[in-house]
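Mind looking over this structure? Questions follow.
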Amino acid sequence: MIARMRKDLSVPELIVRKREGGALKNDEIQELIAGFIRGSVTDYQMSALAMAIYFRGMGFEETVALTLAMRDSGRVVDLAFIDAPKVDKHSTGGVGDKVSICLAPLVASCGVVVPMMSGRGLGHTGGTLDKLEAIPGFRVHLSVRELRAQLRKIGCALIGQTEDLAPADRRLYALRDVTGTVESIPLITSSILSKKLAEGIDALVLDVKVGRGAFMKTEPEARELARCLVRVGRLAGKDVSALLTDMSSPIGYTVGNALETAEALEVLHGAGPEDLQEITFALGAEMLRVAGVAKTKARAMRQLELALKNRTALAKMREVVAAQGGDARMVDEPDRLPLSKHRKVVLARDDGFITDMDPLEIGHASMRLGAGRARAEDGVDPGAGVRLHCRLGDEVREGDILATLYASRRALIEASIDRVASSFRIGARRPPRRGRIVEIIRR
Ligand code: URA
């Protein structure tokens, strides 16, 4: 329940205090967020405060208070009636990141309830909801009643954020997006955690991406964000851990909606690209650990492998797709997912080794082909995107196919092809192979 705004609370004074580097008290933060939702704290005051926080930061206690106030600005889903651990995963977003689609049913088939709540693509990063909607009929928006019923029945859902979860975050994020205040660790932390805590989960595993294709470009920045998320999540009473994962090249061989969904489904068939499997297994093992379902990483890995081998993970995905109105035949025949009819290939101009594939360039090209959106209100083309035919370190010869572009109109391909071609670098020496998992942060 939101408290009424105190008569003596002066919003300008709070903004000035933060601007001068002072701390806000717990009850002041609660009242600010309550006032923001009611309209007594204006958008321009919240934007000014966000800028002050951007420059001055927030202590852990303030960040916890902001997280909880935003969580409580809307509905908090009660999943206590389900007698099993409830665990979600959140990724800070990357290029080719289709992990949620294979991870959720895999972990759910090991006895953990997974209310996987994801977002839409914006800019160069794709969104899990857009990828799932490439499955004909798949409905990502469930009511809280439907979500609870589905979790009770099959223990897994792949959904979008409902309107009434953490509305203060949605409004504040919209302001941050247009006022240059997104890249603030306390604001990112409270934004991510407020939504996740409102889902009624017991524990959370975070995939904090690091590299050119990610929010956090360097390891120290990504580590600082991961530590803040873990610490604030724990102070808010949840078991939270984070994996730092490399985002210096696209994940897997596909970037685009149907393309990525098909690739994630391959993992459930026991195949799929090595790096996608690596990230899925690392996050899955950590989810089983925080859920208390597996005591060691080795045991967790065995459980995940068994769920793939005996096809319970695949069966779980069929159940999820059918429950959410999708055509479950696609789970067994991912090649039938729709792809755009215009195609064009990019060829290698030299002999040598692939030394670089810029994820930002490939992500932007995929967006321009129609797979992503420049503005939140735009639609996406499920069949558009880029298929990569090589990985970092592969040897190629002049004339080999490096990538295929897909779009609904030839002009879209012509506008993007140079961008994809210039994202590859071919050199004389094979670069060292690196795994995707940089570090696990539990404290
Ligand atoms: N993702 C979120 O949900 N919020 C942020 O502030 C940044 C990334």
Side-chain angles (χ1 to χ4, degrees), residues 29 33 36 43 46-47 49-55 57-58 62-71 73-74 88-95 97 99-100 115-130 140 159-199 201 204-218 221-233 236 238 240 242-245 247 283 359-360 363 372-373 376:
I29 292 174
I33 295 300
F36 180 46
D43 284 358
M46 275 313 275
S47 303
L49 184 67
M51 188 57 87
I53 293 170
Y54 175 90
F55 281 113
M58 275 183 138
E62 288 176 286
T63 312
V64 174
L66 181 58
T67 303
L68 297 182
M70 294 211 294
R71 175 197 70 184
S73 66
D88 194 3
K89 183 270 313 187
H90 178 85
S91 160
T92 54
V95 177
D97 185 0
V99 170
S100 298
M116 185 72 75
M117 205 172 275
S118 308
R120 297 213 176 264
L122 191 60
H124 74 280
T125 61
T128 299
L129 301 184
D130 298 323
V140 295
I159 50 161
Q161 191 188 346
T162 66
E163 285 288 306
D164 47 1
L165 289 195
D169 169 59
R170 202 172 22 258
R171 286 192 44 200
L172 180 55
Y173 191 87
L175 298 179
R176 289 168 55 211
D177 201 23
V178 292
T179 56
T181 51
V182 169
E183 296 91 347
S184 146
I185 285 183
L187 292 177
I188 296 174
T189 299
S190 52
S191 167
I192 292 174
L193 290 180
S194 61
K195 291 179 281 232
K196 292 289 163 185
L197 299 182
E199 284 174 21
I201 48 172
L204 176 66
V205 175
L206 295 147
D207 181 0
V208 178
K209 301 268 176 225
V210 55
R212 259 175 319 172
F215 240 132
M216 297 288 151
K217 310 289 180 210
T218 67
E221 281 173 333
R223 195 168 292 116
E224 192 186 341
L225 173 61
R227 289 211 173 114
C228 186
L229 283 159
V230 168
R231 195 154 164 207
V232 171
K238 305 292 171 188
V240 180
L243 271 69
L244 250 54
T245 66
M247 191 62 258
L283 290 167
L360 271 180
R373 48 173 75 73

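Just so you know, these numbers come straight off a predicted model, no measurement behind them. Index from 1, following the sequence. Ligands are counted one by one from 1 in listed order, and the atoms in each one are counted from 1 as well.
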Student check: side-chain heavy atoms of S191 and R176 closer than 4.5 Å: yes
4.5 Å side-chain heavy-atom contact, L206 and V240: yes
Heavy-atom side-chain proximity of Y54 to V182 below 4.5 angstrom: no
Pairwise side-chain contact, T128 with V140, heavy-atom cut-off 4.5 Å (strictly under): no
Exercise: identify the closest heavy-atom pair between A222 and V210: CB-CB, 3.7 Å
Y173, any N or O under 3.5 Å of ligand 1 N or O: no
Min N/O separation H90 to ligand 1 under 3.5 Å: no
For S194 against T67, the heavy-atom pair lying closest together: CB-O, 3.5 Å
Close side-chain approach of L193 and R71, heavy atoms under 4.5 Å: no
Heavy atom of the protein closest to atom 4 (N) of ligand 1 (residue, atom name, distance): S191 OG, 2.6 Å
Which residue and heavy atom of the protein sit nearest atom 1 (N) of ligand 1, plus the separation: I192 CG1, 3.9 Å
Closest protein heavy atom to atom 3 (O) of ligand 1, given as residue, atom name and distance to 0.1 Å: K195 NZ, 2.5 Å
V182 touching ligand 1 at heavy-atom level, < 4.0 angstrom: no
Shortest heavy-atom approach to atom 6 (O) of ligand 1 - which of R176, Q161, E183: R176
Minimum-distance protein heavy atom relative to atom 8 (C) of ligand 1: F215 CE1, 3.4 Å
Sub-4.0 Å heavy-atom contact, I188 with ligand 1: yes
